[in-house]
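Structure, as structure tokens:
Atoms within a ligand are numbered from 1 in the order they appear, just like the ligands themselves.
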Amino acid sequence: MKQLSVPILSIEKIAKATYQIDMRLEKDHLEKIKPGQFIHIRVNQGSEFMLRRPISVADVDLKLNKLSVIFKVFGRGTEQLTQLKANDLIDLIVPCGNGYPIETINYNHALLIGGGVGVPPLYYLAKSLVARGVKVTTIIGFQTKEEIFYLDKFSELGEVFVTTNDGSYGTQGYVTEILKQEDLNFDYYFSCGPAPMLKAVKNYLHYFPGYISLEERMGCGIGACYACVVKTEDGKAQKKICTDGPVFQANEVMI
Ligand code: FES
């Protein structure tokens with residue numbers, strides 16, 4: 001992990017209350033980032049927002065020396081982040097967390113399932129899997145049409161299914177609707193999103209091997225607040241999502 005001060009290349013609203021920040025990092029820092037890891041952004045230098053915010057990595061572009069993150073505005077800290085401009089310097093710690101162990105798995109076809117703010121890390125994961133010759137099918141779920149982002153980018157990498165809770169786009173309902181309706185072929189799954197969604201996915205796909213990212217539940221992001229503690233599936237131990245995760249084998253922890 002390194003603490004860096006890096007320039008912002010651009011900040012853009014990409015969907016309802018959803019923003020993307022692109023920043024410039026040196027190649028040797030970018031090369032160390034694995035899909036599923038997060039960065040720890042300091043919101044500003046003042047005392048009010050001293051706390052850093054953990055935000056997952058949405059994309060790494062080694063050709064353009066660019067790191068992209070996507071976040072949803074849900075409080076004053078994230079609201080503050082939307083005020084940043086191109087050329088501002090941003091203070092971050094990178095990379096944090098464990099990431100998806102994609103090099104150690106033997107598979108040909110991966111199913112990626114993301115909901116809301118759990119969608120961004122799946123994009124860098126999808127890109128990395130396709131680069132390794134793995135076929136990718138993606139299911140992304142949002143509350144409503146206005147919240148959808150990256151549909152075109154995921155579509156460039158493989159088949160994509162979209163669900164919205166209100167039925168304003170794609171299939172109405174939760175991501176598990178697609179699992180019920182479609183006869184999908186895959187040999188491994190990766191999922192990231194709100195805990196109820198992960199629980200439903202894990203229960204539905206209990207006979208498949210998979211990895212889930214519990215990043216939604218992080219607080220401080222550095223192991224200090226204990227807001228992220230989860231029990232292992234056997235109930236015998238505890239894991240911190242921010243330092244032991246955020247990625248776990250689907251059968252490793254209780255949700
Ligand atoms: Fe604070 Fe993990 S998020 S200890």
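Less than 4.0 angstrom separates some heavy atom of Gly223 from each of these atoms of ligand 1: 4 (S). For ligand 1, the atoms lying closer than 4.0 Å to a non-hydrogen atom of Cys228 are 2 (Fe), 3 (S), 4 (S). Of all atoms in ligand 1, numbered sequentially from 1 with element shown, those under 4.0 Å from a heavy atom of Tyr226 are 1 (Fe), 4 (S).
No chain of hydrophobic side-chain contacts below 4.5 Å, direct or via other Ile, Leu, Val, Met, Phe, Trp or Tyr residues, connects Ile212 to Leu122.
Aromatic pair Phe190/Tyr100: ring centres closer than 6.0 Å.
The proximity of Pro54 to ligand 1, defined as any non-hydrogen pair under 4.0 Å, does not occur for either the backbone or the side chain.
With respect to Glu26 and Lys2, no salt bridge is recorded, no charged nitrogen being found less than 4.0 Å from a carboxylate O. Of the charged side-chain nitrogens involved, at least one lies within less than 4.0 Å of a carboxylate oxygen, so that Lys180 and Glu177 count as a salt-bridged pair.
Note on Cys242: not counted as a metal contact of atom 1 (Fe) of ligand 1, no N/O/S atom lying under 2.8 Å.
Taking CG of Asp22 as the start and CG of Leu64 as the end, the distance is 9.5 Å to the nearest 0.5 Å.
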